[in-house]
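All values below were derived from every heavy atom in this structure, side-chain atoms included, with hydrogens, water molecules and symmetry-related copies excluded. Numbers here are sequence positions counted from 1. Just so you know, ligand 1 is whichever comes first in the structure, and atom 1 is the first atom listed for that ligand.
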Amino acid sequence: MGRQAASLPAGAGTPSVLFVDQSGQLGGAEVCLLPLAATWAARREVLLLSDGPFRARLESLDVPVRLACDARVSGIKKQAARLSWLMALPGIVRQVRTIATHAESFDVLFLNTQKALVLGALGKPLHRKRIIWHLHDIVSGDHFGPLQRFIVKWLARYAVDQVVANSHASAASLVALTGCEPADVPVVHNGVDLDEFSRADNDDRGALRRRLGLPEHVYLAGLFGRLAPWKGQHIAVDALARLPGLHLVLVGSALFGEQAYVESLREQAARLGVADRLIFAGFRDDMPAWMKAVDVILHTSTEPEPFGRVIIEGMAAGRPVIATSAGGVREIVRHRKNGWLVAPGDAEALAEAIETLHAMPEFAQQLAAQALVDVKQHFSVDVYLEQMTQTIADATR
Ligand code: UDP
Ligand code: GLC
C-alpha cells in the first residue's frame, strides 16, 4: 500500500472525490458512506455499479449519482470460483474502463466495497488516480473464497494508496492477509447521527407500537438488519422458542438473494410453534422508531461481524443491546457495562441474557444509559466525519 501513489496537483485544497460502490441496496457500508458523500466539501459524485434505494437516498441528499450496471458482474458472489469471473470478463473490462473514464476529472478514487476495489484498482494504469479503499469486511476464509482473497491481497499491496478499515478486527484481517504493517491500516469506526435517533420518538411506547402495528403489552425483542444466514436470525428464533412470554420482530429483508433463508426461518418458526410471536417487518426506512419501540435489541451474527452499525444505532436509540462477542463488536460492547455479550451461535446463552435483562429492568436501563454515553463519545457521526476527512486529506497530501 502506498507504493504507487500518484501525486495531487500542487496547491490543491480539499480533493474532489469519485466514490464507487457496487450496491444499490442500503447495507451498512452504504449507510456509512451517506454522510461522507453528502457533506464532502469539494466536488464529489457516487458511481454505483447497481441501481436501488441507495441511489434515491443519495439523491435526496443532493449527492450526484451515476450508474454503471452490469448484471453479470453484479452476480459474482463473495465465494465465486474462477468460472464466474471468466464468464463476467467482458463486463469486467467494460466496468474497469467506465470507472477509469469517470475518475479522470477527480483527484481521488474512493472505493467503498470489494467489487469496487477490484474494478477501480485494476484500472489504475488507465486513470492513475490516488486510490483510497474503505475496508468494511473481515477478509478471512469465513467470508471470502480463496480467489477473492488472492485478488484483494495483490490489489491492496500494489494498487491501493491508502486503506481505512471500519474496525480493528477488519484491519487485523488485512494485515494477516497482506503482511502489511498495522500502521498502514488506520481504523475509523462508523458514526451515527445521535439527534436522528434521540428525536425519533418521545411519544409513549404504546402509541409508537400502535403506529408500527406491533403488539403493545408484551416484552418485545428486535433484531435489525438484512436476513442472511450469517446474521443469525435463526439463533434468535431458537431463543424465542425457549422463552414463552417473548415476542420478536425481525426488521430487514433479504438484500442479496437469500430468499431460501427467509423461507427456512418461517419453517423453523412454524416447527417450533412460535410463528404467532414472530413478526417479519421487512426493510424499513425509519430505524430509530423501530428501535425505540422494542424492549431489547439483539445482534446474533454467527460469523465475526466486521463492525455492526445496528449495534451503535441501538445504543443511540437508548435500548439495551445483546450482541455476539466476535469481530468488531468487541470494540463497541463491554460486557455488563454498556451491553451484554454472548458467544456466537449460542441460543441458550442468548435466551438467558434476554431473561436476565427482562427480570432486571433497572440494570437493563443502566446498560442502555452507559451505551448512550459511549456512543456519544466514540461513535458519533461528527467524530466519524472528522476522522475520515483527516484520513483522506493525509492520503492525498
Ligand atoms: N437497515 C435499515 N432498514 C432495515 C434494516 C437495516 O435501514 O430494515 C440499516 C441499518 O439501520 C444499518 C444497516 O442497514 O445502518 C445495516 O448495517 P450493519 O453494518 O449492521 O450490517 P451489514 O448489513 O452492513 O452487514
Ligand atoms: C459491512 C459490515 C458491517 C459494518 C458495515 C459498515 O457491511 O458487514 O459489519 O457495520 O460494513 O462499516
Flag the pair [X] / [Y] as yes when their ring centroid distance falls below 6.0 Å, and as no otherwise.
{"X": "H136", "Y": "F307", "value": "no"}
{"X": "H189", "Y": "H168", "value": "yes"}
{"X": "H127", "Y": "F106", "value": "no"}

Exercise for review: Compute the minimum heavy-atom distance from F283 to ligand 1 and say whether it is under 4.0 Å.
Suggested key: yes
Check your understanding: Between R157 and W154, is NZ or CZ placed under 6.0 angstrom from the six-membered ring centre and within 45° of the ring axis?
Key -> yes
Point to revise | Least distance between heavy atoms, P304 atom then W230 atom | key: O-CZ3, 4.3 Å
Review point. How close do Q162 and T391 get, heavy atom to heavy atom, and via which atoms?
Key: CG-CG2, 4.4 Å
Review point. Where does R309 meet ligand 1, judged by heavy-atom distances below 4.0 Å: at the side chain, the backbone, both, or neither?
Key: both
Exercise for review: Have a look at ligand 1 and work out which part of E313, if any, has a heavy atom under 4.0 Å from it: side chain, backbone, both or neither.
Suggested key: side chain
Identity and separation of the nearest protein heavy atom to [atom]:
{"atom": "atom 17 (O) of ligand 1", "result": "G28 CA, 3.2 Å"}
{"atom": "atom 23 (O) of ligand 1", "result": "R226 NE, 2.8 Å"}
{"atom": "atom 1 (C) of ligand 2", "result": "H136 O, 3.4 Å"}
{"atom": "atom 6 (C) of ligand 1", "result": "M287 CE, 3.7 Å"}
{"atom": "atom 10 (O) of ligand 2", "result": "G308 N, 2.9 Å"}
{"atom": "atom 9 (O) of ligand 2", "result": "E305 OE2, 2.5 Å"}

**Study point:** Within-cut-off N or O pair, K231 and ligand 1, under 3.5 Å
**Key:** yes
Check your understanding: With only distance considered, is W230 within less than 3.5 Å of ligand 1 through an N or O on each side?
Key -> no
Please could you name the atoms of ligand 2 that [X] approaches to less than 4.0 Å, counting only its heavy atoms?
{"X": "A29", "result": "5 (C), 6 (C), 7 (O), 11 (O)"}
{"X": "R309", "result": "10 (O)"}
{"X": "G28", "result": "5 (C), 6 (C)"}
{"X": "N190", "result": "6 (C), 12 (O)"}

Report yes if some N/O of [X] lies less than 3.5 Å from some N/O of ligand 2; otherwise report no.
{"X": "N166", "answer": "yes"}
{"X": "C32", "answer": "no"}
{"X": "R226", "answer": "no"}

Exercise for review: Would you mind checking if E303 and K231 are paired as a salt bridge, meaning a charged N to carboxylate O distance below 4.0 Å?
Suggested key: no
Point to revise | Ion pair R149/D142, N-O distance below 4.0 Å | key: no
Check your understanding: Quick check: does any side chain N or O of Q268 sit under 3.5 Å from a backbone N or O of H234, one acting as donor and the other as acceptor?
Key -> yes
Surrounding [atom1] of [X] (heavy atoms of other residues, nucleotides or ligands, distance under 6.0 Å), is the total greater than 12?
{"X": "F283", "atom1": "CZ", "result": "yes"}
{"X": "E216", "atom1": "CD", "result": "yes"}
{"X": "R242", "atom1": "CZ", "result": "yes"}

Review point. Where the closest heavy atom to atom 20 (O) of ligand 1 is concerned, which of L34, I311, V310, L223 has it?
Key: V310
Revision key, fill the gap. Among N190, V251, L26, V31, the residue with a heavy atom nearest to atom 5 (C) of ligand 1 is V251
As an exercise, identify every atom of ligand 1 less than 4.0 angstrom from a heavy atom of [X].
{"X": "G27", "answer": "24 (O)"}
{"X": "R284", "answer": "2 (C), 3 (N), 4 (C), 7 (O), 8 (O)"}
{"X": "G252", "answer": "5 (C), 8 (O)"}

Check your understanding: So is G27 close enough to ligand 2, meaning a heavy atom under 4.0 angstrom away?
Key -> no
Review point. Which of parallel (below 30°), tilted (30 to 60°) and perpendicular (above 60°) describes Y219 and H358?
Key: parallel
Practice item. Starting at CG of L111, measure out to CD1 of I99 and round the result to the nearest 0.5 Å. Key: 7.5 Å
